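Since this is a predicted model, take the numbers as computed values, not measurements.
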Amino acid sequence: LGLGGGGEESKEDSTPSDPAAAAGMTREEYEEYQKQMVEEKMERDAAFAQKKAERAVLRVHLREKYRLPKSELDENQIQMAGDDVGLPEDLQKMVAEDQEEEEDKDSILGQLQNIQNMDMDAIKEKAQATFTEMKQAAEQKCSVM
């Protein structure tokens, strides 16, 4: 009858135990392929570490700018990547633009522009209300008035 499972044994014997033969390559080709894979992984890991360090530099810059507490994790990432870590060009442009805007706001001309944008009616109303409150408080405390 032939239903004893003899076909399964022949399938197990036909699968090669050598990974190079399983991939359809010679032993040298397989070793070269493995070496390339390791090199590519190392390059990817190095690029990833560089990107992480660049992001850490940006976070450190923002923490300094806004006077936030420092992070040891960011410091460690920067040290692991080495001293050649800097901001990418597009982020450097953004930081430079932010600094220019802040310098403009801090200058006298920037302050004058802010004065022009203020709502003078609201300021007058607030000043009048404050003055009225102070006058009433003074009248309550002083018997002469």
Side-chain angles (χ1 to χ4, degrees), residues 5 7-145:
E8 292 177 13
E9 290 176 15
S10 64
K11 287 182 182 177
E12 289 177 12
D13 291 338
S14 68
T15 58
S17 61
D18 187 22
M25 300 181 219
T26 64
R27 188 77 171 146
E28 293 85 23
E29 289 175 338
Y30 185 74
E31 288 174 2
E32 183 66 27
Y33 173 75
Q34 288 296 327
K35 196 182 300 183
Q36 286 177 347
M37 294 298 289
V38 169
E39 289 175 4
E40 289 176 6
K41 183 179 183 337
M42 290 173 56
E43 289 174 8
R44 285 193 309 270
D45 290 345
F48 181 67
Q50 181 72 20
K51 288 290 185 183
K52 283 176 66 172
E54 288 174 356
R55 292 183 194 114
V57 167
L58 179 64
R59 287 191 298 269
V60 166
H61 172 75
L62 291 173
R63 283 190 178 99
E64 288 174 0
K65 178 180 177 181
Y66 295 110
R67 297 183 183 105
L68 298 173
K70 293 182 179 181
S71 170
E72 289 188 29
L73 178 64
D74 289 342
E75 301 288 334
N76 292 339
Q77 285 178 346
I78 293 170
Q79 288 176 357
M80 285 174 36
D83 292 334
D84 60 341
V85 178
L87 289 177
E89 290 181 26
D90 53 346
L91 294 178
Q92 286 177 354
K93 290 177 185 177
M94 290 172 52
V95 168
E97 290 172 2
D98 287 345
Q99 288 176 347
E100 289 175 10
E101 288 176 10
E102 286 183 19
E103 289 173 1
D104 289 343
K105 289 179 182 178
D106 291 341
S107 70
I108 294 174
L109 292 176
Q111 296 297 329
L112 289 175
Q113 288 176 348
N114 285 342
I115 290 173
Q116 291 175 351
N117 295 336
M118 292 174 20
D119 186 10
M120 293 304 289
D121 292 331
I123 293 173
K124 286 179 186 178
E125 290 174 13
K126 188 172 182 177
Q128 189 67 30
T130 304
F131 179 73
T132 305
E133 288 176 17
M134 289 175 55
K135 185 177 178 183
Q136 288 173 353
E139 287 177 353
Q140 290 175 356
K141 290 181 181 178
C142 182
S143 60
V144 177
M145 293 182 100

Peer 1: Under 4.5 Å between any side-chain heavy atoms of Gln77 and Asp74, yes or no?
Peer 2: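 In short, these two side chains touch, coming nearer than 4.5 Å.
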Peer 1: Side chains of Glu28 and Glu32: does their closest heavy-atom pair fall under 4.5 Å?
Peer 2: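 Not in contact.
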Peer 1: How many angstroms lie between CG in Asp45 and NZ in Lys41, if you round to the nearest 0.5 Å?
Peer 2: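 The NZ atom of Lys41 is 4.0 Å from CG of Asp45, to the nearest 0.5 Å.
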Peer 1: Hey, what do you get for CD (Gln136) to CD (Glu133), rounding to the nearest 0.5 Å?
Peer 2: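 Going from CD on Gln136 over to CD on Glu133, the span is 7.5 Å.
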Peer 1: Just wondering, do Glu54 and Lys51 contact through their side chains at under 4.5 Å, heavy atoms?
Peer 2: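 Answer yes - side chains close enough.
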Peer 1: Could you tell me whether the side chain of Arg44 reaches within less than 4.5 Å of the side chain of Phe48, counting heavy atoms only?
Peer 2: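 SC-SC contact between Phe48 and Arg44 ruled out.
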Peer 1: Are any non-hydrogen side-chain atoms of Val57 and His61 less than 4.5 angstrom apart?
Peer 2: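 No - every pair of side-chain heavy atoms lies 4.5 Å or more apart.
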Peer 1: Quick one, Lys124 and Gln128 - any side-chain contact, counting heavy atoms below 4.5 Å?
Peer 2: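 Result no, sub-4.5 Å side-chain heavy-atom pair not found.
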Peer 1: For a quick test of your reading: what N or O donor-acceptor pairs under 3.5 Å do the side chains of residues 64-73 make, sequence neighbours left out?
Peer 2:
| residue | atom | partner | partner atom | Å |
| --- | --- | --- | --- | --- |
| Lys65 | NZ | Glu102 | OE2 | 3.1 |
| Ser71 | OG | Leu73 | N | 3.4 |

Peer 1: Output, in order, the C-alpha distance, side-chain angles, deciding distance and verdict of side-chain hydrogen bond (donor to acceptor under 3.5 Å, both in side chains) for Gln34 and Tyr30.
Peer 2: CA-CA 6 Å; Gln34 288 296 327; Tyr30 185 74; 3.1 Å; yes
